[in-house]
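One structure is given below, encoded as structure tokens.
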Amino acid sequence: MSAETLAELSDLFVVAAVLLYLAAMIGFAVELAFGRARAETRQVRGGARVPVGVGAEGDTPHPGEVAEASGGAVAEGPEPPAWARKAGTVALVIAWLGWAANLTAIATRGLAVDRWPWGNMYEFVVAICFAAVTAFLVAHLRQNIRFLGAFVMVSAALGLGLAVLKFYTVAGPVVPALNSYWIAIHVSAAILASGMFVLAGASGVLYLIRGDGLSRLPSKDDLEKVAHKAIVVAFPLWTFAVIAGALWADKAWGRYWGWDPKEVWSFITWIGYAAYLHARVTAGWRGNKATIVQLVAFACLLFNLFGVNIFISGLHSYADVG
Amino acid sequence: MTVSDLERKQEPKRAGLGPAGWLRWSWRTLTSMKTALLLLFLFALASIPGSLIPQRGVEPDQVARLYEESPDLAVWYDRFQLFDVFSSVWFAAIYLLLFTSLIGCIVPRTGTYLRELRRKPPAAPRNLSRLPHHAAFESDLTVEEAARRLRKLRFRVVTGDGWVAAEKGYLRETGNLLFHVALLGLLAAVGIGSVFGYRGNVLVVEGDGFANTVAAYDRYMPGPRVNAESLEPFAFELSDFQATYQVGGDNSGQELDYSAHLKVNDSPGAPARDYELKVNEPLDVNGTQTYLIGHGYAPEFRVTDGEGQVAFEGPVPCLIEDKPTLTSGCVVKVPDAQPSQLGFLLRFLPTSTPLTDGGHASSFPGAVVPEVQVLGAFSGDLGLRSGVPQSVYELAPPEIMKKLNPLVMGEAAGDPLAVGKSLELPGGAGKLEFTGVKEWITLQIAYDPGRLPALLAAGTATIAIVFSLVIRRRRVWVRVKDGRADVGGLTRTEGSAAGFAEEFDEIVKELAGDKDVR
Ligand code: HEM
């Protein structure tokens with residue numbers, strides 16, 4: 001296949017991914033809307049393995065929780081209609097298809113340009129959407145987090161749409177500075193971390209939206225757990241991405257750190273997530289406040305990605321926006 | 001050890017009266033975890049203006065423009081050192097406070113940590129079934145056997161009358177402490193680099209050379225403790241520069257690759273070696289790095305003056321005016337011309353293409369059809385001997401320009417000159433000949449003794465933070481009595497209990513003697 005055909009194919013697959021993500025979003029939303037409302041309590045998912053169950057954490061045992069957990073699933077409201085569950089399952093299948101389309105789009109683009117396919121803003125955003133969906137689907141393999149599906153799907157569809165409409169760049173070579181194995185290390189790590197931060201961000205937003213009572217949204221506790229897990233993995237990855245960036249900068253720009261705008265904002269983002277991790281274990285900051293810190297960090301991440309690339313010029317301006 | 005634990009431990013006590021008390025109170029406050037965190041935030045916040053306002057060290061031209069466009073604002077920015085955020089007094093203040101606070105934070109933590117390391121797991125609570133994780137089974141397990149099995153699972157174990165207490169996950173605190181120490185190391189490395197390091201920029205034209213001395217730099221920025229004699233004494237000559245560009249397609253003219261061929265002498269008298277300098281592949285001579293950061297054209301000219309003498313001959317580095325086509329502006333100053341000095345404003349077109357309106361423009365960055373447009377030729381005193389420093393990229397300051405005598409302007413100069421062609425100045429004032437094309441490169445040469453320590457510190461910090469995040473402290477107790485064993489467990493670390501349920505199951509199985517599971 002010629003490079004042009006591959007590039008066109010890649011563009012088609014991006015559009016296909018958008019459509020599939022939107023379809024999956026509808027399925028997940030249906031399941032959520034007609035599914036069972038959950039109270040603000042812990043639930044035991046997928047059949048607890050032993051009576052001790054998913055226990056309480058922390059230094060002090062909570063007798064109430066232990067009792068409740070060992071009591072099995074907490075049922076509220078009537079049994080949801082079977083088709084609602086089915087909608088969720090179908091949505092999951094469609095999400096995987098969208099994921100495959102997204103992956104194909106990235107792979108064909110890479111083949112078309114014969115380099116790592118994340119050398120400009122367009123490619124970078126497409127890759128982050130892919131990473132976010134991957135984070136969601138992989139996490140789902142290990143634990144039921146279908147409740148997040150609709151929100152992850154809508155973020156990914158929006159991201160891809162934005163990439164196509166605003167940042168589209170014709171497939172082509174990159175400037176010599178980016179022709180380096182460092183792009184595989186530094187940018188890939190940034191993409192993976194960003195994808196997981198998106199997952200955490202979606203959980204965080206839901207956490208704040210959700211009231212304390214009965215709601216069709218997942219319990220606050222589940223939301224916070226998903227966000228925390230995602231960040232615990234993403235934070236070291238982000239750290240690594242920043243350090244790899246510094247190593248690359250040492251090779252490319254003659255200094256490992258020079259307060260370039262992108263460096264400043266990745267540092268701020270890093271501090272933000274570190275603050276979240278600290279806030280979570282600080283008495284009085286757990287819950288809402290920690291979640292707000294997380295979302296502020298997420299906003300910094302987004303600003304670094306969009307704001308810095310679009311409004312601020314710096315050494316990092318390879319983004320090729322517009 | 002959670003933040004709240006520490007907070008409690010380090011809560012500054014109400015200060016007694018008197019200066020000593022106040023001092024102690026200040027020190028305690030400064031070194032509390034809260035303050036360290038606050039300073040870290042401040043550090044991040046303080047770096048924001050540096051990313052939004054042009055910085056003098058990075059974009060001096062943008063700063064100059066701001067001064068022209070809104071002088072009032074610029075003056076205020078300058079008053080708060082906002083054009084030099086990262087070398088400002090207030091940024092340094094935050095940095096130093098953070099540094100001090102981290103030290104003050106780490107010292108007591110180390111003590112706590114060492115004590116913690118030696119501490120025995122606490123005795124078993126009376127009723128293990130009230131713990132978050134609990135299991136019981138019929139068994140003739142003895143205390144010794146339970147302890148042995150827990151040790152095998154790498155728990156630290158103490159035994160008592162009918163009970164075993166076990167704990168593991170101490171690496172968490174190790175990671176935590178190491179992380180903070182590494183952070184301190186990182187700050188120190190950055191400091192060392194800026195004090196004992198230097199960097200400089202230089203432009204070199206093909207065929208020319210560079211020797212690493214302070215005088216050879218176009219711009220030289222030493223740290224406060226750099227000795228001019230201590231510069232690594234290497235030298236090189238730029239024998240050739242090559243760039244390739246994409247031809248055809250949507251991205252025609254995009255740079256694909258470029259490299260500079262150097263002949264390097266690592267020290268005076270050392271044999272020359274060849275080195276191909278590229279982006280991402282700096283030249284390293286004993287830790288002093290030379291980076292290729294830019295390139296452009298240096299067309300060669302020969303100027304014959306009104307008396308028929310060659311008054312100037314050589315390449316002239318031109319300033320890039322348009323990056324995609326490398327259209328460049330050149331200034332040729334000929335102070336030696338007789339009877340009066342000559343000056344030229346030129347435009348270099350690497351690939352000159354005729355336009356429909358009769359003009360010419362460059363359509364490609366490679367030197368395919370190199371031509372030079374003469375924008376203006378002047379005679380008169382260029383003011384070079386006035387002692388006021390002048391830019392090589394500007395013919396003369398505006399007040400002097402006004403006094404010069406224009407010989408040829410724009411249209412009158414005719415079509416652009418191809419290589420080998422010349423322009424006769426009117427009135428026998430002389431001749432400008434375009435003789436060839438060379439290229440220039442800009443280099444940054446930097447020595448930073450802090451870069452390796454910084455890398456080590458940053459690497460350590462990363463590994464340490466992973467330890468401190470993913471490892472959990474967990475305790476398990478066993479009570480044996482009358483052929484029945486009770487096991488209870490909890491994680492001591494907030495928030496990471498997920499997954500402990502599974503581990504606890506494994507532990508119970510191991511204790512119950514179900515060897516198949518393991
Ligand atoms: C200390 C040095 C560096 C830091 C802290 C850093 C940080 C980052 C971060 C956080 C991202 C994530 C993307 C975002 O949010 O926009 C990123 C992306 C990227 N970085 Fe770096 N980086 C550094 C050095 C470099 C160097 C030296 C290069 C290449 C010469 C480079 C090339 C890229 C590219 C191509 C992307 C992809 C994103 C885009 O197109 O905007 N980085 N960097």
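Within every chain, numbering begins at 1; the chains are lettered A, B, ... in the order of the sequence lines, protein sequences first and strands thereafter.
- Scanning both residues, B/V279 and A/P176, for their nearest heavy atoms gives CG2-CB, 3.8 Å.
- Inter-residue side-chain proximity for A/Y256 and B/D448 is flagged as met; some heavy-atom pair is nearer than 4.5 Å.
- Using a 4.5 Å cut-off between heavy atoms, B/Y245 does not touch chain A at all.
- Counting heavy atoms of neighbouring residues, nucleotides and ligands inside a 6.0 Å radius, atom CG of A/D114 does not exceed 12 of them.
- Side-chain atoms of B/N280 do not come within 3.5 Å of backbone N or O of A/K251 as any donor-acceptor pair.
- When B/L52, B/V85, B/V190 are compared by the number of non-hydrogen pairs under 4.5 Å with chain A, B/V190 comes out ahead.
- Nearest heavy-atom pair across A/F267 and B/A44 is CE2-CA, 3.8 Å.
- Distance CG/A/N179 to NZ/B/K278: 9.0 Å, rounded to 0.5 Å.
- Separation of atoms OG1 (B/T462) and CG (A/L237) is listed at 11.0 Å; rounding is to 0.5 Å.
- Side chain of B/E255 to backbone of A/V175: no donor-acceptor contact under 3.5 angstrom is found.
- Side chain of B/Q246 to main chain of A/P173: no donor-acceptor pair is present (N/O by atom type, distance under 3.5 Å, no hydrogens or angles).
- A donor-acceptor pair is defined here as one N or O able to donate and one able to accept, closer than 3.5 Å; such a pair exists between the side chain of B/Q444 and the backbone of A/W253.
- Ring to ring, B/F86 and A/W257 are not that close: their centroids are 6.0 angstrom or more apart.
- Neither the backbone nor the side chain of A/A279 comes within less than 4.5 Å of any heavy atom in chain B.
- Salt bridge annotation for A/D250-B/R451: present, with a cationic side-chain nitrogen under 4.0 angstrom from a carboxylate oxygen.
- A distance of 4.0 Å separates CD1 in A/I268 from CD1 in B/I48, rounded to the nearest 0.5 Å.
- When each of B/I293, B/L40, B/V466 is scored by its heavy-atom pairs under 4.5 Å with chain A, the top score falls to B/L40.
- For B/A243, no part lies under 4.5 angstrom from a heavy atom of chain A.
- Heavy atoms from other residues, nucleotides or ligands lying under 6.0 Å from CZ of B/F467 number 12 at most.
- For A/W270, the part lying under 4.5 angstrom from a heavy atom of chain B is the side chain only.
- For B/A458, the parts lying near chain A are the backbone and the side chain together; criterion is any non-hydrogen pair under 4.5 Å.
- A donor-acceptor distance shorter than 3.5 angstrom exists from the side chain of B/R199 to the backbone of A/G254, with no hydrogens or angles considered.
- For the residue pair B/S51 and A/W265, a side-chain donor N or O sits within less than 3.5 Å of a side-chain acceptor on the partner.
- Both the backbone and the side chain of B/L256 come within contact range of chain A, with heavy atoms under 4.5 Å apart.
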